[in-house]
Amino acid sequence: MNKTLLTLLLTATLVTSVRADEPPEFKWKAVEIDQIEIGYGLQMADVNGDGKTDIVLADKSTIQWYQAPQWTKHIIARDLTERDNVCVTARDIDGDGKCEIAVGGQWNYRESVKDGAVFYLIPPEDRTQLWTPVRLHNEPSTHRMHWVRGLDNQYQLVVKPLRGRGSVDGNGPGLRVLEYFRPANPRDEWKFSVVCDFLHLSHNFHPVNWDDDPEEELIMAGKEGVWHLDRQNGDWAATQLTKNFAGEIRDGRLPNGKRFIVTIEPMHGSTSAVYSQPEKNGALWDQVTVLDNQLKDGHALACADYLGVGSDQIVVGWRAMNDPGVPGIKLFTPLDKNATRWRDQRISAEKVAVEDIKAADLNADGRIDIVAAARQTKNLVIFFNER
């Protein structure tokens with residue numbers, strides 16, 4: 001049998017295996033756009049104000065962006081610290097159509113007293129050239145950060161360490177999540193306040209907007225489970241959503257319209273679980289399903305409507321570094337209104353050992369694409385949505 005005929009038969013088998021009342025399978029084209037060192041953190045944003053979504057990457061010793069649509073690489077910071085960069089956030093916070101960028105570095109996994117760093121990057125007129133770093137106060141163990149919309153449409157930089165100062169393996173003081181306020185002149189001192197200080201071993205967090213006000217809240221994963229933090233009367237109020245030790249956290253909508261959160265448990269764990277919002281406010285969220293309990297070093301989640309069906313699907317990535325094996329990316333799709341049945345579809349295996357994943361429409365075709373940065377395989381890959 002010739003190769004073309006075999007490909008057609010395999011494609012026909014995939015199509016006919018999907019029931020008429022189920023969402024379609026995801027179709028994609030994988031394009032590797034760069035060879036990298038580690039790929040610690042990804043963000044999708046318009047860097048130069050041309051209306052196109054670019055890719056911003058924190059690599060081991062450089063910060064760079066890839067200009068759409070040719071994905072031309074522009075390094076904007078080098079060797080900010082002696083040790084690795086670890087995170088990046090990029091978002092237009094002043095409404096000029098161009099993103100502002102902050103980065104975290106001096107990464108040292110077990111150290112919890114002296115290492116860590118936070119920088120705001122001031123762009124030159126030509127944003128393809130090196131940006132000027134401004135170092136801010138930091139807690140040890142800088143690990144994740146986001147620009148978060150606050151009162152009066154002002155954005156704050158929220159930075160979360162992995163560990164509390166002086167803690168050992170999650171025992172000891174809680175980690176301090178800080179909220180920084182950008183001054184009119186970003187070279188001046190940045191004031192900051194504490195968002196929370198009770199979590200331990202918090203690997204990831206995510207901005208959300210679940211209520212009626214324009215200010216964003218946070219969902220945060222840690223040793224104590226998943227928590228929702230909301231500004232109330234000038235302070236941050238915390239509500240527990242789940243109890244299991246979680247490393248990754250994202251949110252979305254099920255086909256029945258209910259909000260869900262998805263986790264990887266524990267940190268760098270083997271299990272990805274979905275929880276739906278309970279009927280009673282303040283109650284713990286209900287576990288809908290365990291998507292997979294055989295992940296090798298689960299390390300990334302991205303929720304979006306990749307299939308264009310009006311509700312969200314879940315991308316799960318794992319890197320198989322601490323728990324050696326085959327890395328991979330899977331797409332999980334709920335198959336009925338109440339998400340009692342799910343379909344998993346393998347997007348990638350050994351070719352992409354995921355460190356971070358983000359989702360965005362990168363070619364303005366109305367379809368959500370997937371971007372993955374990979375550590376052991378040392379590549380940056382776009383999975384273009386071709387559904």
Side-chain angles (χ1 to χ4, degrees), residues 7-31 44 53 206 208-210 219 248-265 271-278 285-295 298-318 327-349 351-352 354 356-372 381-387:
T7 301
L8 289 172
L9 287 174
L10 288 173
T11 303
T13 300
L14 284 173
V15 172
T16 55
S17 66
V18 180
R19 284 172 25 184
D21 60 341
E22 293 179 355
E25 293 266 2
F26 184 64
K27 298 178 182 179
W28 72 94
K29 179 177 72 174
V31 178
M44 307 293 107
T53 300
H206 190 64
V208 297
N209 193 358
W210 289 356
I219 48 175
E248 306 298 321
I249 178 68
R250 291 292 186 268
D251 73 316
R253 288 280 185 181
L254 295 172
N256 61 12
K258 293 186 70 173
R259 181 172 285 118
F260 74 81
I261 55 175
V262 57
T263 61
I264 290 178
E265 302 172 1
T271 298
S272 182
V274 177
Y275 301 81
S276 67
Q277 190 172 19
W285 286 40
D286 305 311
Q287 188 178 97
V288 174
T289 191
V290 170
L291 297 173
D292 198 320
N293 60 7
Q294 300 296 317
L295 304 177
H299 211 259
L301 297 167
C303 298
D305 186 6
Y306 304 98
L307 303 178
V309 296
S311 58
D312 293 322
Q313 303 86 51
I314 301 167
V315 167
V316 179
W318 64 100
I329 302 170
K330 283 185 178 180
L331 176 72
F332 292 89
T333 303
L335 297 181
D336 56 40
K337 183 177 179 180
N338 294 318
T340 59
R341 296 185 301 118
W342 291 73
R343 179 179 67 220
D344 68 279
Q345 185 179 3
R346 191 65 169 257
I347 304 301
S348 179
K351 291 184 178 180
V352 184
V354 173
D356 196 12
I357 282 179
K358 290 293 186 293
D361 180 1
L362 293 178
N363 51 8
D365 64 355
R367 298 175 291 198
I368 304 298
D369 309 300
I370 301 165
V371 184
V381 180
I382 301 175
F383 297 87
F384 285 105
N385 188 337
E386 296 195 334
R387 61 172 169 80

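Numbers here are sequence positions counted from 1.
Annotation: the span from Thr289 atom OG1 to Arg341 atom CZ amounts to 12.0 Å, rounded to 0.5 Å. The CG atom of Asp251 sits 10.0 Å away from atom CD of Gln277, with the distance rounded to the nearest 0.5 Å. With values rounded to the nearest 0.5 angstrom, Trp342 atom CH2 is found 9.5 Å from Leu331 atom CG. Lys27 NZ to Arg367 CZ: the interatomic distance, rounded to the nearest 0.5 Å, is 10.5 Å. Taken from CD in Glu265 to CG in Asn293, the straight-line distance is 11.0 Å, to the nearest 0.5 Å. Between the CD1 atom in Ile347 and the CZ atom in Phe26 there is a gap of 5.5 Å [rounded to 0.5 Å].
The shortest distance between side-chain heavy atoms of Asp292 and Lys330 falls below 4.5 Å. In this structure, the side chains of Val316 and Leu295 come closer than 4.5 Å at one or more pairs of heavy atoms. With contacts defined as side-chain heavy-atom distances shorter than 4.5 Å, the pair Trp28/Asp369 does not qualify. Here the side chains of Arg343 and Phe332 are not in contact, with every heavy-atom distance at 4.5 Å or above. Contact annotation: the side chain of Leu362 approaches that of Met44 to within less than 4.5 Å [non-hydrogen atoms, C-beta and beyond]. Taking the side chain as every heavy atom from C-beta outward, Ile329 and Val315 approach each other to under 4.5 Å. Put simply, the side chain of Thr263 does not reach to within 4.5 Å of the side chain of Ser272, judged on heavy atoms. Pro255 is not listed as a side-chain neighbour of Asp336, based on a closest heavy-atom distance of 4.5 Å or more.
No donor-acceptor pair closer than 3.5 Å links the side chain of Glu248 to the backbone N or O of Ala300. In this structure, Arg250 contributes its side chain and His206 its backbone to no donor-acceptor pair below 3.5 Å.
Across all their heavy atoms, Phe383 and Ala372 have their closest contact at CE1-CB, 4.1 Å. Scanning both residues, Gly308 and Asp305, for their nearest heavy atoms gives N-OD1, 2.9 Å. Residues Ala360 and Thr53 approach most closely at CB-CG2, 4.3 Å, considering heavy atoms. Nearest heavy atom pair, residue Ile264 against residue Gly317, reads CD1-O, 4.2 Å. The two residues Ile249 and Ile261 have their closest heavy-atom pair at CD1-CB, 3.7 Å.
Using a 3.5 Å distance cut-off with no hydrogens or angles, the side chains of Asn256 and Asn338 do pair a donor with an acceptor.
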Verify side chain to side chain contact (heavy atoms under 4.5 Å, CB included) between Trp285 and Arg259, making sure each step is shown before the conclusion.
CA-CA 10 Å; Trp285 286 40; Arg259 181 172 285 118; 3.9 Å; yes
How far apart are the C-alpha atoms of Val371 and Ile357, what are their side-chain angles, what is the distance that settles it, and do they pass the side chain to side chain contact (heavy atoms under 4.5 Å, CB included) test?
CA-CA 6 Å; Val371 184; Ile357 282 179; over 6 Å; no
Passes side chain to side chain contact (heavy atoms under 4.5 Å, CB included), Val288 versus Ser276? Steps please.
CA-CA 6 Å; Val288 174; Ser276 67; 3.6 Å; yes
Using side chain to side chain contact (heavy atoms under 4.5 Å, CB included), reason through Val274 and Leu291 one step at a time and then give a plain yes or no.
CA-CA 7 Å; Val274 177; Leu291 297 173; 3.7 Å; yes
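Residues satisfying the salt bridge (charged side-chain N to carboxylate O under 4.0 Å, His left out) test with Asp356, not counting sequence neighbours, are Lys358. Under the side chain to side chain donor-acceptor pair (under 3.5 Å) criterion, Glu386 pairs with no residue, sequence neighbours left out. By the side chain to side chain donor-acceptor pair (under 3.5 Å) test, Asp361 is found to be paired with no residue, residues two or more places apart in sequence or in another chain being considered.
No more than 12 heavy atoms of other residues, nucleotides or ligands sit less than 6.0 Å from atom NZ of Lys351.
Of the charged side-chain nitrogens involved, none lies within less than 4.0 Å of a carboxylate oxygen, so that Arg253 and Asp312 do not count as a salt-bridged pair.
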